Every structure is written in structure tokens, then in C-alpha cells.
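Beneath this line is the structure, given in C-alpha cells, with notes to follow.
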Amino acid sequence: MPRGHPRGTSDLIHPEKITGERCAGKLARTVREGAVGKGPGPRAPRRRPTSLRRWRRQALDLEFHDRLRGRVRISEGRAAAPTAGIIDSQSVRAASSVPAATRGYDGGKKVPGRKRHVITDCLGLLLVVAVTAANVGDREAAAPLLERARASHRSLRLIWADGGYTGMLVDWAGEKLHLVLEIVKRSDEPRFVVLPRRWVVERTLSRLMRSRRLARGYETLPATSKSMILWSMTMLMSRRLARRTHPATTTVSLAA
């Protein structure tokens, strides 16, 4: 991309006029701070970068995210292709900018808005994501999500899930996708217990809420919400790689 974008003329970003690095940095700031203009306002931005739409339409955000995920897995001593994953969902409230056709009410969690369905690997890195209305059940959304995961990650063999994914979905995943869907049940102990495997995806969902743009459902299109989630995970993986690449610098900064 050629350089030469005049600074200060507009909040909008045109990808043909600026470098890819500046474009990605502006988009990351939008997700992290929740606004395009100056200041980290909690509201949805008044003007969205045109580059976000172009990156999404050309699937550049997904390609950027997937390449970083492979590098993070290799840096952690694992193969680039995952063999196991964890599936879960998260319901978030929707702002007034979300149309009624793409929002609903989650009766179980009593949340009006949208629901994020994700599958992560054993490190908590995102494999596939889908955004639906909050009234869409976990089992209903899991079938196409598992199909996408199997198509994009042929090495997947095992998926851990909670009790919301029981029933015919387990047999269907084994027969149609050749995936083992293992249900991790809750503990009967009265005190809080960290459940094996399931805590990994729960940690990923909590990390998404650190981005102000993801604290609520602000986007009109579910596809844009999905792109925002990818960008949030991209920032997380970038920081993770930077800490492993420059451990001495990290130590000095913490000591200071």
C-alpha cells in the first residue's frame, strides 16, 4: 500500500492511501478503546474506518488472525495445526444500534442481545467464531460451527463441551464429522471448582470483554461483530508473541 496519507484530515482510513501497519493499528485501537476519534469513549464510534469493511470483505482479518495463531502455537512448542478444541458461547447485551432482526433474548442467562459462539484450541486461541441472536440455542449454533471448524482444521479430532451440547449433537458430530464431542460435566461440590478444559474457553471469553468495543454488541451486522472479535484476539496474540520475542525488555519495563 502506498504511503502519503495526510495526517489530521479525517478520522476515516483509506487502505489505498496508508500502510498496512497503520491501518491495522487504527483498527486495533477501535476495538480496544471503542472509538475512532480522540479519547477512549465507551460509546460506539460515530464514524467507522472504511478499512474495516474492506478487510472483512476480503477476509484479510481472518488470514491475519490465523497466521498469528500458527506462530503463537509454534512459539509455545506445539504444532501449528490443532488436534483438540473447546466450544462455548457468551451472551452480551446489544446496544440500540443493533437491529431487532439480529438480536434476541437468552432466557437462561436473562440477557437481551446477541450470542458469541466460539471454538478455541487448548491454548485458548480462537479457531472459529459465529455471532447470532441471543435466543439461538447452543446446540443449534454448534452444528454449523463444528462443520466450519472441521473444514478449516482437518487435524481436529476432539472437542470438549459443557452440558448444553448434549443430546443428538454428540452422535451427529461423530458420524458426520468424525469428531469426538466430549461433555465435561459440572462438579457436584458446593464450592467453586475449576473444570478441566472448560476453563480455557472461559478465559478466552473473559479476555474478549477487555476490549471496550466488545463489552456490548454495538455492530449492526453480525459479520462486523465477528471481525471485531478476530481483531481483539489478534491484539492478544501480538502481545503474547512480543513478550516471548523480547523477554529482557519486558522484564526491565516491569521492574521500572
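Nothing here was measured: the structure is a model prediction, and the numbers come from that model.
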Between L221 and R56, does a side chain to side chain contact (heavy atoms under 4.5 Å, CB included) hold up when you go through it step by step?
-> CA-CA 12 Å; L221 300 177; R56 174 173 56 82; 4.1 Å; yes
Do you know the tightest heavy-atom contact between W172 and E147?
-> CZ2-OE2, 3.4 Å
State whether the side chain of R154 and the backbone N or O of R150 hold a donor-acceptor pair below 3.5 Å, judged by distance alone.
-> yes
Checking R139 side chain against G164 main chain: does a donor-acceptor pair fall under 3.5 Å?
-> yes
What is the distance from atom CG of L62 to atom OG of S227, rounded to the nearest 0.5 Å?
-> 9.5 Å
Quick check: does any side chain N or O of S225 sit under 3.5 Å from a backbone N or O of V131, one acting as donor and the other as acceptor?
-> no
Going by distance alone, is a donor N or O of one side chain under 3.5 Å from an acceptor N or O of the other, for R114 and S91?
-> no
First locate atom CZ of R103, then atom CZ of R93, and finally report the distance between them rounded to the nearest 0.5 Å.
-> 10.5 Å
Using a strict cut-off of less than 4.0 Å between a Lys/Arg side-chain nitrogen and an Asp/Glu carboxylate oxygen, indicate whether K226 and E219 qualify as a salt bridge.
-> no
OG1 of T234 to CD1 of I229: how many Å apart, nearest 0.5 Å?
-> 11.5 Å
State, to 0.1 Å, how close V98 and G217 come at their nearest heavy-atom pair, and which atoms those are.
-> CG2-O, 3.0 Å
Side-chain heavy atoms under 4.5 angstrom apart, residues restricted to Ile, Leu, Val, Met, Phe, Trp, Tyr: same cluster for L179 and I183?
-> yes
Taking atom CE of M228 and atom OH of Y218, what is their separation to the nearest 0.5 Å?
-> 11.5 Å
Is any side-chain heavy atom of R213 less than 4.5 Å from a side-chain heavy atom of S232?
-> no
Quick one: do M237 and H65 satisfy side chain to side chain contact (heavy atoms under 4.5 Å, CB included)? Show the steps, please.
-> CA-CA 9 Å; M237 292 186 295; H65 171 273; 3.4 Å; yes
State plainly whether one hydrophobic cluster holds both V180 and L146, where clusters connect Ile, Leu, Val, Met, Phe, Trp and Tyr through side-chain heavy atoms under 4.5 angstrom apart.
-> no
Which atom of W231 lies closest to which atom of D61, heavy atoms considered = NE1-CB, 3.8 Å
With a cut-off of 6.0 Å (strictly less than), are more than 12 heavy atoms of other residues, nucleotides or ligands near NZ of K109?
-> yes
Would you confirm whether R212, through its side chain, and M209, through its main-chain N or O, come within 3.5 Å as a donor-acceptor pair?
-> no
Give a yes or no on whether R67 atom CZ has more than 12 heavy-atom contacts from other residues, nucleotides or ligands under 6.0 Å away.
-> no
Going through the checks in order, is the side chain to side chain contact (heavy atoms under 4.5 Å, CB included) test met by L127 and R69?
-> CA-CA 9 Å; L127 299 181; R69 184 188 60 231; 3.8 Å; yes
Would you say S155 and P82 make side-chain contact, with heavy atoms under 4.5 Å?
-> yes
Would you mind reporting whether F64 and L68 have side-chain heavy atoms less than 4.5 Å apart?
-> yes
With R73 via side chain to side chain donor-acceptor pair (under 3.5 Å) - residues at least two apart = D121
Return the minimal non-hydrogen interatomic distance between A161 and L181, and the atom names on each side.
-> CB-CD1, 4.1 Å
Is the shortest heavy-atom distance from the side chain of V128 to the side chain of V118 under 4.5 Å?
-> no
Rounded to the nearest 0.5 Å, what separation is found between the CG atom of L156 and the CG atom of L158?
-> 9.0 Å
Any W160 side-chain heavy atom under 4.5 Å of I87 side chain | no
Would Y165 end up clustered with I159 when hydrophobic side chains under 4.5 Å apart are linked, directly or stepwise?
-> yes
Which atom names give the shortest non-hydrogen contact between G104 and A133, and what distance separates them?
-> N-CB, 3.8 Å
Name every donor-acceptor pair, under 3.5 Å, that has one atom in a side chain of residues 194-208 and the other anywhere in the protein, sequence neighbours excluded.
from, atom 1, to, atom 2, distance (Å)
R198, NH1, V184, O, 3.0
R203, NH2, L123, O, 3.1
T204, OG1, G124, O, 2.7
T204, OG1, V200, O, 3.3
S206, OG, E202, O, 3.4
S206, OG, R203, O, 2.6

With distance as the sole criterion, is a donor-acceptor pair present between the side chains of S89 and R116 under 3.5 Å?
-> no
Check the hydrophobic clustering (I, L, V, M, F, W, Y; side-chain heavy atoms under 4.5 Å; chains of links allowed) and say if L60 and M235 are grouped together.
-> yes
Check whether any side-chain heavy atom of L126 lies under 4.5 Å from a side-chain heavy atom of L230, and answer yes or no.
-> yes
pair V72-L125: side-chain heavy atoms closer than 4.5 Å | yes
With a 4.5 Å limit on heavy-atom distance, are the side chains of H117 and V129 in contact?
-> no
If you measure from CD1 on I119 to CG on D88, what distance do you get to the nearest 0.5 Å?
-> 10.5 Å
Can we say D138 and K115 salt-bridge, meaning some charged N sits less than 4.0 Å from an Asp/Glu carboxylate O?
-> yes
